[in-house]
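Before any comments, here is the structure.
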Number of protein chains: 2
Amino acid sequence: MTNQPGTLTPPNDGLDAVFAALADPTRRDMVARLTEGDATVTELAEPYDMTIQAVSKHLKVLEDAGVVHRSRDAQRRPVHLEAEVFDLMTAWIERARRRIEARYRRLDDVLAAMDTSDPADQGTDDPQPRRKRPAS
Amino acid sequence: MTNQPGTLTPPNDGLDAVFAALADPTRRDMVARLTEGDATVTELAEPYDMTIQAVSKHLKVLEDAGVVHRSRDAQRRPVHLEAEVFDLMTAWIERARRRIEARYRRLDDVLAAMDTSDPADQGTDDPQPRRKRPAS
DNA sequence: CGTGTAGTCAACTGATTGGTTGAATAGCCG
DNA sequence: CGGCTATTCAACCAATCAGTTGACTACACG
């Protein structure tokens, strides 16, 4: 099941995988580490209290999600952060945020219109919006 | 195990939970739906081919992650999107992105310095950076 | 050539997850 | 009161996940 039936979600990019990959704190930490520069598996494994194999698996998850790319340098496999996926997430998040804000804007308009047209409840004629945008 | 040993990750906010919550396409879809306005459980459940209980569970996950808040209106439980968590994610993502860009900037500086100081390989004296920022 | 180093693959385990059914709670309405 | 509606709780199941151990591949170097 890649995508659910009745939905307003755009097709489905690897967003699932990206969010899932970044849901694990160890993985998020590795990504943080990788913003400082490429690293080998053993280098990445060093801070954690787990086997190299486990780290390798985490890396595979990140790679499958497209967060990371592993090249080859002799027996070493330098891990490189793929910056583009961040754009994918930011796009989703920002789209949601914009929709929320649009909704509040719409609501403000309605309330403002009511203020000026509704005969009752208007001592002053300044169209002060009641509802503020959520603290952002 | 809330957080891993050797780490440069800031304490640990509910980021785990937020990313995990948004890793599920159904849940992401519900959030998208909620940007259009609050909704009851049954309303939210309508588009999906699954029991109300399953939807209720998804909602619980979103709530525990702080993505959503459920108030009470008689026997109905209107679900409301909590916009602030988006900031949390955006903050993490943008911090990572800035670090990557800082790194590239640093690299550019080094290369530029080599251009002006290295006696070989310098026909012109304009410190043109070789490496561009990753396509954003 | 053999040995050490870097990494992956495979099989197993316990915990979590996404879904189910069935029963329980809570509040409106006749 | 009794029933309908909206929602949750509890137990269960199959699949996935994060971790382990053990065996394997790939390469450098002496």
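Below, each value reflects all heavy atoms present in this structure, side chains not excepted, and no hydrogens, waters or symmetry copies. Bear in mind that the values here come from a model prediction, so they are computed numbers and not experimental data. In what follows, chains are A, B, ... by sequence order, proteins preceding strands, each numbered from 1.
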Test log, rule side chain to side chain donor-acceptor pair (under 3.5 Å), inputs A:Thr35 and B:Arg97: CA-CA 8 Å; A:Thr35 59; B:Arg97 200 206 299 278; over 6 Å; no

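Listed candidates were D:dG19, C:dG18, D:dA6. Nearest to the side chain of A:Ala54 is D:dG19. The side chain of B:Gln53 approaches C:dA23 more closely than any other nucleotide in the set C:dG18, C:dT8, C:dA23. Distances were taken from every side-chain heavy atom of B:Asp24 (C-beta onward) to each of D:dA6, C:dT20, C:dG18; the shortest belongs to C:dG18.
For B:Thr42 and D:dT7, the shortest distance from a side-chain N or O to OP1 or OP2 is below 4.0 Å. An OP1 or OP2 oxygen of C:dG7 is reached within less than 4.0 angstrom by no side-chain nitrogen or oxygen of A:Ser56. For A:Thr40, no side-chain nitrogen or oxygen approaches OP1 or OP2 of C:dA6 to under 4.0 Å.
Remark: C1' of D:dA18 and NZ of A:Lys60 are 15 Å apart, rounded to the nearest angstrom. Rounded to a whole Å, the NE2 atom of A:His58 is 13 Å from the P atom of C:dT8. Between the NZ atom of A:Lys57 and the C1' atom of D:dG19 there is a distance of 6 Å, rounded to whole Å. Summarising the geometry, the separation between CG on A:Asp16 and C1' on D:dC17 is reported as 16 Å, rounded to the nearest angstrom. Put simply, CG on B:Leu59 is 9 Å from P on D:dT7, counting in whole angstrom units. One interatomic measurement links the two molecules: CG of B:Leu22 to P of C:dG18, which rounds to 12 Å at whole-angstrom precision. One interatomic measurement links the two molecules: CD1 of B:Ile52 to P of C:dG19, which rounds to 14 Å at whole-angstrom precision.
Residues from residues 65-82 of chain B placing a heavy atom under 4.0 Å of any atom in DNA chain C, listed by number, are B:Arg72, B:Ala74, B:Gln75.
Using a 4.0 Å cut-off between charged side-chain N and carboxylate O, B:Asp109 and B:Arg105 make no salt bridge. In summary, A:Arg33 and A:Asp29 do not engage in a salt bridge, as defined by a charged side-chain N under 4.0 Å from a carboxylate O. Note on A:Arg99 versus B:Glu36: salt bridge recorded, some NZ/NE/NH1/NH2 to OD/OE distance being below 4.0 Å.
Ring planes of A:Phe19 and B:Phe19: tilted class, angle from 30 to 60°.
The shortest non-hydrogen separation linking B:Val67 to B:Leu81 is O-CD1, 3.5 Å. Nearest heavy-atom pair across A:Val55 and A:Met30 is CG1-CE, 3.6 Å.
Comparing A:Thr51 and B:Glu43 by the nucleotide of DNA chain D that holds the closest heavy atom to each, the one mapping nearer the 5' end is B:Glu43.
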